[in-house]
Each structure stands twice: as structure tokens, then as C-alpha cells.
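Please read these numbers as outputs of a predicted model, since none were measured by experiment.
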Amino acid sequence: MQGTKAAVLMIFFISFLAGCSTTGSLPTDTKELQKSNDIKTVSVLTFTCSSPVIARDVRNVIIESLLSGYSVVIGDNADVVIRGDIILSGDQVSTASEGYVSEMRAQIIENSRILDSIVVTQVSPGSSTPEAADVMGRKMGKKIKESLSNFGQ
């Protein structure tokens, strides 16, 4: 009789622990988990650059390229924030007095965590003339959009 009570008590205790461990478990529905990772809003901060005009123009082109897939908002209250740098060459090849865009770097940030870093450079084989700032901005916008689409999968 004593052994039966102990066995019943042991079964009850194990059942209780098993029940506690399964309550509050994470959902296993893949579509539900995927839905929570969707990026809908993007904020593009002004890229740092020695030329405010080039920085503004590049930002506008990047925003333009993102509008077809995302809501672009002002400020940092978005699903992700894009920030970056524009490096101008010292060379006076272009008509811009500051030189041309040599390199652009961007970071995709979510809740103070860097999700991805992207670099676009002027390097284009066979070309002797550098690409304009808006062309470089479109390249950056395309790469950012590709990167963002990978996070929603």
C-alpha cells in the first residue's frame, strides 16, 4: 500500500512537471514565425558626406528605390533603419566641385542590432568615367532592397 501511494505520488509529480514545461511554449507554426520577421517600414537616415547636396540626392534616390516594396518613414521609428557614409574622391574628374562618389557604405539596423552591411564602389571594369551620384544611389538602393527581402523569408 505504501509503495502504491509512492508510485501514484511520483506519477502525479512527473505529470505536473511535464504540464508546466509545455505551457507557454513558442508557436511552431512556420508562417506565424515568418510573419513576425516581415519588414514593412524602413527609415533612411541622411548619409554622412562632406557634401550635403550629394548626401541629400543619394538619400532621395535610395528612398525612391525602396518605395516599391516598403513604407519609408521619417526618423528612427521603423522596422529597420538605414544609415551610411558616402566617401568622395579627391579627384576632380566629375563636374561636381567635391569630386565623385568613390564609395558608399550602409548598415541595416533593427533595434540597435546591425542586420547587414553593404558597400558599393565605383569599380567598374572598362569604364574611364566615374558614375554619377544618383547612379551610385540606385545601386545602393537595389542592394539594400535585396538584403531586406532576404530578412522576410
Interatomic spacing from [atom1] in [X] to [atom2] in [Y] - rounded to 0.5 Å:
| X | Y | atom1 | atom2 | value |
| --- | --- | --- | --- | --- |
| Ser43 | Tyr70 | OG | OH | 14.5 Å |
| Leu66 | Leu148 | CG | CG | 6.5 Å |
| Glu146 | Asp116 | CD | CG | 11.0 Å |
| Met136 | Ser102 | CE | OG | 7.5 Å |
| Asp134 | Ile54 | CG | CD1 | 10.5 Å |

So, for [X] and [Y], which heavy atoms are closest and what is the spacing to 0.1 Å?
| X | Y | answer |
| --- | --- | --- |
| Val73 | Ala78 | CG2-CB, 3.5 Å |
| Ala106 | Ile144 | CB-CD1, 4.2 Å |
| Ala133 | Val58 | O-CG2, 3.8 Å |
| Ser50 | Pro52 | O-CD, 3.6 Å |

Item to check | Criterion side chain to side chain contact (heavy atoms under 4.5 Å, CB included) on Arg56 and Asn60, from CA distance to verdict | outcome: CA-CA 6 Å; Arg56 184 196 66 226; Asn60 289 341; 3.8 Å; yes
Checklist entry - Just wondering, are more than 12 heavy atoms of other shown residues or ligands nearer than 6.0 Å to NZ in Lys145? => result yes
Next on the checklist: Please check: side-chain N/O of Gln122 versus main-chain N/O of Glu103, any donor-acceptor pairing under 3.5 Å?
Outcome noted: no
Checklist entry - Hey, is the main chain of Val44 close enough, under 3.5 Å, to the side chain of Arg59 for a donor-acceptor pair? => result yes
Next on the checklist: Quick check on the hydrophobic clustering: are Phe47 and Val42 connected, directly or via other members, by side-chain heavy-atom contacts under 4.5 Å?
Outcome noted: yes
Item to check | N-O pairing of Lys139 and Glu131 below 4.0 Å | outcome: yes
Under 3.5 Å, which donor-acceptor pairs link side chains of residues 79-87 to any protein atom two or more places apart or in another chain?
from  : atom 1 : to     : atom 2 : distance (Å)
Asp79 : OD2    : Lys40  : N      : 2.7
Asp79 : OD2    : Thr41  : N      : 3.0
Asp79 : OD2    : Thr41  : OG1    : 3.4
Arg83 : NE     : Gln107 : OE1    : 3.0
Arg83 : NH2    : Gln107 : OE1    : 3.0
Asp85 : OD1    : Thr48  : OG1    : 2.3

Checklist entry - Could you go step by step and tell me if Met104 and Ile62 meet the side chain to side chain contact (heavy atoms under 4.5 Å, CB included) rule? => result CA-CA 12 Å; Met104 295 172 53; Ile62 291 171; 4.2 Å; yes
Checklist entry - Ser147 and Ile108: side chain to side chain contact (heavy atoms under 4.5 Å, CB included), yes or no, with the steps? => result CA-CA 9 Å; Ser147 180; Ile108 300 173; 3.4 Å; yes
Item to check | Derivation of the side chain to side chain contact (heavy atoms under 4.5 Å, CB included) call for Ile118 and Met140 | outcome: CA-CA 8 Å; Ile118 301 165; Met140 179 58 81; 3.7 Å; yes
